[in-house]
Number of protein chains: 2
Amino acid sequence: MTGRQLSEKPSQLRSPLVLKLRTMVELTPGDVAALDALGSVRHHCAGGQTLFEADKRRTAAVLVHDGWAFRHRTLSDGRRQVIDFDLPGDLCDPTVFVTSRAGFSMQALTALSYSLVRAEEVLDLMTRSPRIGAAFWWADAHQEAITRAHLVAVGRMSAYERVAYLLWELWTRLRMIGLADGAGFEFPAGQDVIADAAGLSYVHLSRTLRRLDREGLLRRAGRNWRILDAGRLHDLVQITDGLQLNPLARRIQERLSR
Amino acid sequence: MTGRQLSEKPSQLRSPLVLKLRTMVELTPGDVAALDALGSVRHHCAGGQTLFEADKRRTAAVLVHDGWAFRHRTLSDGRRQVIDFDLPGDLCDPTVFVTSRAGFSMQALTALSYSLVRAEEVLDLMTRSPRIGAAFWWADAHQEAITRAHLVAVGRMSAYERVAYLLWELWTRLRMIGLADGAGFEFPAGQDVIADAAGLSYVHLSRTLRRLDREGLLRRAGRNWRILDAGRLHDLVQITDGLQLNPLARRIQERLSR
DNA sequence: GGCCTGCCTTAACCTGTGTTAATAATGCGG
DNA sequence: CCGCATTATTAACACAGGTTAAGGCAGGCC
């Protein structure tokens with residue numbers, strides 16, 4: 001829409017990748033330009049499309065610009081665990097830069113606009129700027145924290161708590177990128193997918209959502225979900241680390257920018 | 001024991017950190033010397049000791065030289081999920097280099113010999129050598145893969161499969177570092193800890209281990225566990241990624257060493 | 001050697017979640 | 001606005017795994 005300018009673009013027009021990495025590591029204008037270039041070629045696909053599959057070789061990460069996707073692993077008999085949802089600005093997964101095979105499959109949930117970030121380009125950038133290396137590593141660590149909390153939820157929480165946890169996580173992440181407000185958010189996933197994320201059957205997920213409704217925590221109208229009682233929801237959740245951004249970044253930045 | 005020599009030390013005397021990182025990224029003698037220095041101060045603690053706690057600030061990672069530890073997250077009512085076991089050579093967790101608070105607690109399982117690797121030192125090293133940065137990042141990505149597979153196991157596998165999965169994971173990792181052979185391994189954890197790793201009650205874990213025994217897959221004598229039928233065990237497991245080392249490293253190395 | 005203490009095992013029982021299947025919404029193309 | 005296909009809900013039932021509690025066994029200590 002707006003032409004590229006020589007000076008700083010207004011941040012609204014920045015690639016979501018830059019916005020995200022920049023929250024953690026202070027980037028020089030040169031870094032920003034290099035990162036912007038990474039996300040410059042846009043691809044599109046329809047909802048339901050598979051972007052890559054587990055155990056296949058890969059040389060590029062997927063940077064989501066617009067739409068939702070999810071990553072999952074499916075066992076030979078069809079049982080499926082959704083690892084995580086991917087939102088605009090998410091890099092799925094940064095691990096590809098140091099690893100050659102995907103540990104999971106990735107599928108678009110809605111129509112998706114994305115870029116492919118080639119591992120070689122990132123490694124080149126790393127050589128030139130340790131700040132960029134740290135920023136990508138941080139993005140990876142952030143995902144790791146999310147996965148870890150997910151493991152705790154699935155391993156040790158009841159269905160009710162687990163679903164609350166998932167809602168909380170998504171709501172928090174969406175608010176961070178301006179796609180949700182204090183009231184709630186649009187959640188484009190079907191209950192089968194949500195159930196596979198929570199490690200529940202879709203029947204029990206439905207029961208559980210109904211209970212959240214009945215008890216006044218959540219109200220749904222189609223894909224529009226409203227949080228009615230954030231306080232009680234948070235009480236159920238307990239683990240909220242892995243979601244908050246992390247102030248050590250300032251320290252990293254000082255170290256690396258010398 | 002043996003004095004430090006000017007030339008290459010025999011690899012048996014190398015820090016397990018170097019051995020591990022080197023499997024992935026080709027390191028220069030300078031890199032190796034720098035990494036060796038990281039693990040030079042040894043600390044010791046008794047089994048059961050807590051090394052750090054979730055949500056507390058940290059500035060150093062723990063590098064295990066000898067003994068077992070585990071990382072876990074405990075909910076306010078005492079329910080506990082073991083995230084992972086830490087074996088000699090493991091860096092727990094590399095995430096600290098880009099993150100300021102632990103997402104979990106760490107506890108020694110046996111008497112432990114370890115070093116503290118300060119984030120600042122690693123960041124300094126990264127500035128000097130992108131290879132070292134990539135190596136640490138890889139170590140982090142490797143842990144992430146393990147956690148992810150663990151999530152799938154806990155979320156979507158039956159108790160029987162899940163325990164098989166855990167055994168397989170530990171056995172594989174122990175063989176990689178020469179602490180297990182084709183027959184089995186020493187597993188110093190009590191059943192309460194193993195149960196919390198599998199996301200099961202210790203009673204059901206006991207039942208499940210008995211079943212593995214009854215069906216001829218596993219035989220235990222105290223802490224000594226022997227795998228009797230690796231083939232059938234592997235069939236139960238399905239997911240084995242995250243365990244194999246990864247040949248992309250060669251590519252990284254080429255890129256970074258120019 | 002006997003006791004104590006901390007595991008591990010077993011049994012009986014209970015409950016949360018899965019399964020199957022029928023019904024009700026919802027959304028979509030014509 | 002109707003009919004079809006998909007997705008969500010509900011109900012009835014089954015079962016994996018949790019809970020409680022009672023032994024058993026081994027190792028450490030006096």
Side-chain angles (χ1 to χ4, degrees), chain A residues 46-48 68 70 75 77-82 107 109-111 153-167 186-215 218-226 236, chain B residues 46-48 68 70 75 77-82 109-111 153-167 186-215 218-225 236:
Chain A
W68 287 55
F70 65 101
L75 304 181
D77 59 0
R79 285 175 294 177
R80 178 178 69 170
Q81 176 66 47
V82 170
Q107 199 172 344
L109 202 54
T110 65
V154 169
R156 284 305 188 214
M157 289 182 175
S158 70
Y160 192 59
E161 295 166 312
R162 233 184 279 181
V163 173
Y165 168 79
L166 242 177
L167 284 184
E186 293 290 319
F187 193 3
Q191 292 197 2
D192 54 341
V193 177
I194 305 176
D196 283 341
L200 297 171
S201 68
Y202 68 90
V203 174
H204 198 62
L205 176 77
S206 176
R207 289 198 273 251
T208 307
L209 287 173
R210 239 71 236 311
R211 181 171 161 212
L212 284 165
D213 185 307
R214 183 167 7 104
E215 304 196 353
L218 175 70
R219 188 115 315 150
R220 288 164 300 143
R223 310 259 116 142
N224 184 270
W225 297 37
R226 337 235 101 239
L236 285 174
Chain B
W68 287 54
F70 65 100
L75 304 181
D77 59 0
R79 284 174 295 176
R80 177 177 70 170
Q81 176 67 47
V82 170
L109 202 54
T110 66
V154 169
R156 283 308 188 212
M157 288 181 174
S158 71
Y160 193 58
E161 295 167 311
R162 230 184 282 182
V163 172
Y165 169 79
L166 243 177
L167 285 183
E186 293 290 319
F187 193 2
Q191 294 197 1
D192 54 340
V193 177
I194 306 176
D196 283 341
L200 297 171
S201 69
Y202 68 90
V203 174
H204 197 64
L205 177 78
S206 176
R207 291 197 272 250
T208 306
L209 288 174
R210 241 70 235 314
R211 183 172 160 211
L212 284 164
D213 186 307
R214 184 167 6 104
E215 304 196 352
L218 176 70
R219 187 116 314 149
R220 289 164 299 143
R223 310 259 116 143
N224 184 269
W225 298 37
L236 286 174

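Sequence lines set the chain letters: A, B, ... in the order given, protein chains first and strands last, and positions in each chain run from 1. Here the structure is a predicted model, which is why all the values come from computation and not from measurement.
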*Asks:* Give the rounded distance in Å between these two atoms: CZ of Arg210(A) and P of dT17(C).
*Replies:*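 About 18 Å, once rounded to whole Å.
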*Asks:* List the atom of Asp192(A), the atom of Tyr202(A), and the distance in Å for their closest heavy-atom pair.
*Replies:*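 Answer, listing the atom of Asp192(A) first, then Tyr202(A): CA-CB, 4.2 Å.
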*Asks:* Looking at every heavy atom in both Leu109(B) and Ala189(B), which two are closest together, and how far apart are they?
*Replies:* CD2-CB, 3.7 Å
*Asks:* Mapping Arg207(B) and Ala189(B) to their closest nucleotides on DNA chain C, which lands nearer the 5' end?
*Replies:*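 Mapping each residue to its closest nucleotide by heavy atoms, the 5'-most match is Ala189(B).
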*Asks:* Can you check whether Arg220(B) has a side-chain N or O nearer than 4.0 Å to OP1 or OP2 of dC7(C)?
*Replies:* no
*Asks:* To the nearest angstrom, how far is Glu161(A) atom CD from dT17(C) atom C1'?
*Replies:* 14 Å
*Asks:* Tell me the interatomic distance from Asn224(B), atom CG, to dC8(C), atom P, rounded to whole angstroms.
*Replies:* 15 Å
*Asks:* Please give, in whole Å, the distance from dT9(C) P to Leu205(B) CG?
*Replies:*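 It works out to 9 Å between those atoms.
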*Asks:* Have a look at Asp196(A) and tell me which of Arg79(A), Gln191(A), Gln81(A), Arg80(A) forms a side-chain contact (heavy atoms from CB on, under 4.5 Å) with it.
*Replies:*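 Going through Arg79(A), Gln191(A), Gln81(A), Arg80(A) one by one, the side-chain contact (heavy atoms from CB on, under 4.5 Å) with Asp196(A) is satisfied by Arg80(A) alone.
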*Asks:* What integer distance in Å separates Leu109(A):CG from dT7(D):P?
*Replies:*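 That distance rounds to 12 Å.
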*Asks:* Rounded off to whole Å, could you give me the NE2-to-P distance for the His204(B) and dC14(C) pair?
*Replies:* 19 Å
*Asks:* Answer with base, sugar-phosphate or nothing: what part of the nucleic acid does Leu200(B) contact at a heavy-atom distance below 4.0 Å?
*Replies:*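 Counting heavy atoms under 4.0 Å across all strands, the contact made by Leu200(B) is with sugar-phosphate only.
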*Asks:* Choosing from dA8(D), dT19(C), dT9(C), which nucleotide comes nearest the side chain of Val203(A)?
*Replies:*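 Of the candidates, dT19(C) comes closest.
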*Asks:* Just to confirm, is there a sub-4.0 Å distance from OP1 or OP2 of dG6(C) to any side-chain nitrogen or oxygen of Gln191(B)?
*Replies:* no
*Asks:* To the nearest Å, how far apart are Met157(B) CE and dT17(C) P?
*Replies:*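 Value for this atom pair: 21 Å.
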*Asks:* Could you check how far OH of Tyr202(A) sits from P of dT7(D), rounded to whole Å?
*Replies:*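 Nearest whole value for this atom pair: 11 Å.
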*Asks:* To the nearest 0.5 Å, how far apart are CG in Leu212(A) and CG in Leu236(A)?
*Replies:* 7.5 Å
*Asks:* Using a 4.0 Å heavy-atom cut-off across all strands, classify Arg79(A) as base, sugar-phosphate, or nothing.
*Replies:*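 Result for Arg79(A) = nothing.
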*Asks:* Would you classify Ser158(B) as touching base, sugar-phosphate or nothing, given that sugar-phosphate means primed atoms plus P, OP1 and OP2, and contacts are heavy atoms under 4.0 Å?
*Replies:* sugar-phosphate
*Asks:* Answer whether the closest heavy-atom distance between the side chains of Arg220(A) and Arg210(A) falls below 4.5 Å.
*Replies:* yes
